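These numbers come from a predicted model, not from an experiment.
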Amino acid sequence: MEMHQVSNHCFAVINEKNRVCDANSGLINCGGGVVIDTQSDLSHARQMISMFSRVWPGMPDRVINTHEDADHVWGNQLFEGAEIIGHR
């Protein structure tokens, strides 16, 4: 996993191996903070949170799930108190 700055307030965590369950995630670090997709398991989610903590001091207020596949949502449980935004 590597973190890349995309713009002033936008960061991406990229899983370079591109295997099954290697989703990418994003962070918007302004306002209350937003994470987009939370990784495939708790280990990857914790690693992502650690990377994002270099540019955002706390947990974000919101999590956006782009879709329901496990590699995008299984880290949601680490974002206790965050509003989770998705679609049916």
Between [X] and [Y], what is the shortest heavy-atom contact and its length?
X     : Y     : value
Met48 : Val35 : CE-CG1, 4.2 Å
His67 : His87 : CA-NE2, 4.3 Å
Ala23 : Gln39 : O-NE2, 3.1 Å
Leu78 : Ala45 : CD1-CB, 3.6 Å

Could you pull out every donor-acceptor pair under 3.5 Å between side chains of residues 50-66 and any protein atom, sequence neighbours left out?
residue : atom : partner : partner atom : Å
Ser53   : OG   : Ser50   : O            : 2.6
Trp56   : NE1  : Gly58   : O            : 3.2
Arg62   : NE   : Glu83   : OE1          : 3.2
Asn65   : OD1  : Asn76   : ND2          : 2.9
Asn65   : ND2  : His72   : O            : 3.4
Asn65   : ND2  : Asn76   : OD1          : 3.2
Thr66   : OG1  : Asp37   : OD1          : 3.2
Thr66   : OG1  : Asp37   : OD2          : 2.8

Gap between atom SG of Cys30 and atom CG of Asn8 - 0.5 Å precision: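 Going from CG on Asn8 over to SG on Cys30, the span is 9.5 Å.
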
Euclidean distance, Asn24 CG relative to Glu2 CD, rounded to 0.5 Å: 11.0 Å

Side-chain touch Gln77/Leu42, heavy atoms, less than 4.5 angstrom: yes

Side chain to side chain, Thr38 and Phe79, heavy atoms closer than 4.5 Å: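 When only atoms from C-beta onward are counted, Phe79 and Thr38 do touch, with a gap below 4.5 Å.
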
Partners meeting side chain to side chain donor-acceptor pair (under 3.5 Å) with His9 (sequence neighbours left out):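 His9 satisfies side chain to side chain donor-acceptor pair (under 3.5 Å) with Asn29 once adjacent residues are dropped.
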
Contacts of type side-chain contact (heavy atoms from CB on, under 4.5 Å), residue Asp41, not counting sequence neighbours: Ser43, His44

Is it the case that one hydrophobic cluster holds both [X] and [Y], taking links as side-chain heavy atoms less than 4.5 Å apart, direct or via other members?
X     : Y     : value
Val13 : Ile36 : no
Ile84 : Ile49 : yes
Phe11 : Ile14 : no

